[in-house]
> 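Here it is, the structure in full.
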Amino acid sequence: MPLIEVLYKIEATGVKLNIDFLKELSKSVTLKLENLTKEIYNMVGEEFNLNSPKQLSKILFEKLKLPIIKKIKTGASTDVEVLEELSKISPLAVILLNYRQLTKLKNTYIDTLPNIVNKTTNKVHTSFNQTGTSTGRLSSENPNLQNIPIKTEIGREIRKAFIPSKPEWKILSADYSQIDLRVLAHFSMDKNLIDAFNKDEDIHTRTAIEIFNIPKEMVDSEKRRIAKTVNFGIIYGMTPFGLAKELKISKEQAKEYIENYFLKYPGVKMYMIGAVEKAKKLGYVDTILNRRRYITNINSKNRIIRESAEREAINMPIQGSASDIIKLAMINIYNTIKKENLSSKMILQVHDELVFECNPKELDLLRKILKEIMENPTISGKPLKLRVPLKIDIKIGDNWGECK
DNA sequence: CGTCTCACG
DNA sequence: ACGTACGTGAGACGT
């Protein structure tokens, strides 16, 4: 696979980190954590190892007699879902959530990344695994640069430490817009879904219109949020129970949303039935480039295992094809950069996003190249035709965190 | 080394 | 009545 050379180059190039920035960030986070720790010990009336779920569980559910929300193998869970529920009745849970988030970011990223900078290159060099996943996605390890925080304010700060390796250069991020749902539109041939992408509509708003049966003007941010969750859930084969839990609504309400969805996007329902049937008949499902995943449990007599296999069969062609598409783009971009003698370099792949460090003089050309190649995937020079257009968004900044 | 937890798409 | 959303990697704890 000609991707190997591309991956090797990304790994060898590495990513430059702003160490001083991370050190400063570490100081402020450490201070916050010290205060949170004191606050927690005061509220509880004793000191214990805050990083031990077992000890925390004792405090919360035995000493403080808070209600057990969720059980795990070893007793009562203290995970984020539980703490969020407990936040309604206990200010301690709010502090704990805060503490958990900050320790995670400090221990996994802020304090760890500077230590793995290569002494020769002064950069961090990840290792991509091309054969590790069951869908065809890449994975990244030592360090994993595909799970750098972004969802919270403090998380985004960490991305600001990812900088170009040369002064005056920029970071450019090119990400596929809704590639999973576009692939779903392609496979399902659903008229409505294809129409939405052909008109380049906001897909979550469009789905809100459909499942609530209301005009566009009546879609508020809350309805759009619900539709967004439905859109994602669909790709994973989510059940009414799962949607209900995620949205904290009744199972009946969730069932209604899903039924409405399939009523308006009947092709998607057909796709799902077809994927499961294919797995049952052939033992595998495959992607747009015919990469297979064998679904061994599809005929299991155990309903739980079988249904899990059915969701794998539904999801893999979508996730796997999106992966095929970005891999083709990576190869074509790499070859074009070489051919055009550009100095800008690809430095990361994060499933639907490619990150570059760019010579500012090459920005305009690179933009054009990326748009052309990523939105028009080709294999051996021949177009890989989809039933919907692909779309990318390009963002440029002085660091990864500023690409927004 | 298994378990729990949590970061990302 | 059952258990319930796909795919990853990593840090801390406790055995």
> Would you kindly compare I304(A) and S308(A) by the position of their nearest DNA chain C nucleotide and give the one closer to the 5′ end?
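Result of the comparison: I304(A).
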> Take atom CD of E307(A) and atom P of dG3(C), then tell me their distance rounded to the nearest Å.
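E307(A) atom CD is separated from dG3(C) atom P by 12 Å.
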> Is the distance between the ring centroids of Y8(A) and F128(A) less than 6.0 Å?
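Ring centres of F128(A) and Y8(A) not closer than 6.0 Å.
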> For the residue pair C403(A) and S173(A), what are the closest heavy atoms and their distance?
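Closest heavy-atom pair between C403(A) and S173(A): CB-CB, 4.0 Å.
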> Check the orientation of Y257(A) and F212(A). Use parallel for under 30°, tilted for 30 to 60°, and perpendicular for over 60°.
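If you compare the ring of Y257(A) with that of F212(A), the planes turn out perpendicular.
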> At under 4.0 Å between heavy atoms, what does I234(A) touch on the DNA or RNA strands: base, sugar-phosphate, or nothing?
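Counting heavy atoms under 4.0 Å across all strands, no contact is made by I234(A).
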> Whom does dA1(C) pair with, Watson-Crick or G-U wobble, provided both distances fall under 3.5 Å?
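Per the H-bond distance test, none.
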> I'd like the 5' and 3' limits of the part of DNA chain B contacted by chain A, with heavy-atom contacts below 4.0 Å.
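Counting from the 5' end, contacts occupy dT3(B) to dG9(B).
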> Locate the shortest heavy-atom distance separating H125(A) from T13(A); write the atom from each residue and the value.
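For H125(A) versus T13(A), the nearest heavy atoms are CE1-O, 3.7 Å.
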> Pick the P atom in dG3(C) and in dC4(B), then give their distance to the nearest Å.
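One P to the other, the span is 16 Å.
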> Is atom CE of M43(A) surrounded by more than 12 heavy atoms (other residues, nucleotides or ligands) closer than 6.0 Å?
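Result for CE/M43(A): enclosed.
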> If we only count heavy atoms from C-beta on, is the L384(A) to I325(A) side-chain gap below 4.5 Å?
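A side-chain contact exists here, since the closest heavy-atom pair is under 4.5 Å.
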> Which atom pair, heavy atoms only, marks the closest approach of D393(A) to S177(A)?
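So the minimum-distance heavy-atom pair works out to OD2-CB, 3.9 Å.
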> Test the K269(A)-F262(A) pair against the cation-pi criterion, namely NZ or CZ under 6.0 angstrom from the six-membered ring centroid and within 45° of the ring axis.
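Here K269(A) passes the 6.0 Å and 45° test against F262(A).
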> Using a cut-off of 4.0 Å on non-hydrogen atoms, how would the nucleic acid contact of K245(A) be classed: base, sugar-phosphate, or nothing?
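Touches nothing.
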> Classify the nucleic acid contact of I150(A) as base, sugar-phosphate or nothing, counting any heavy atom under 4.0 Å across all strands shown.
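Sugar-phosphate contact only.
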> Expressed as a whole number of Å, how far does the C1' atom of dA5(C) sit from that of dC8(B)?
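Approximately 16 Å lies between the C1' atom of dA5(C) and that of dC8(B).
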> Can you name the atoms? Protein N/O to nucleotides 9-13 of chain C N/O, anything below 3.5 Å, with the distance.
from	atom 1	to	atom 2	distance (Å)
dG9(C)	OP1	S139(A)	OG	2.7
dG9(C)	O4'	N144(A)	ND2	2.9
dA10(C)	OP1	N142(A)	N	2.7
dC13(C)	OP1	N49(A)	OD1	3.4
dC13(C)	OP1	N49(A)	ND2	3.0
dC13(C)	O3'	S52(A)	OG	3.2

> Do the side chain of Q319(A) and the base of dC6(C) come within less than 3.5 angstrom through a donor-acceptor pair of N or O atoms?
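Indeed there is one.
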> What I want to check is whether an N or O donor and acceptor connect the side chain of R303(A) with the base of dC2(C) at under 3.5 Å.
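Such a pair is found, so the answer is yes.
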> Give me the distance, rounded to whole Å, that separates dT4(C) from dT3(B) when you measure between the P atoms they each carry.
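Their P atoms lie roughly 16 Å apart.
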> Are any of R137(A)'s side-chain N or O atoms less than 4.0 Å away from OP1 or OP2 of dT8(C)?
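Answer is no, no contact under 4.0 Å.
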> Using a 4.0 Å heavy-atom cut-off across all strands, classify I235(A) as base, sugar-phosphate, or nothing.
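The answer is nothing, as I235(A) stays clear of every strand by at least 4.0 Å.
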> Decide, yes or no, whether a salt bridge links R206(A) with D195(A) under the criterion of side-chain N to carboxylate O below 4.0 Å.
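Looking at D195(A) together with R206(A), the answer is yes, because their closest N to O distance falls below 4.0 Å.
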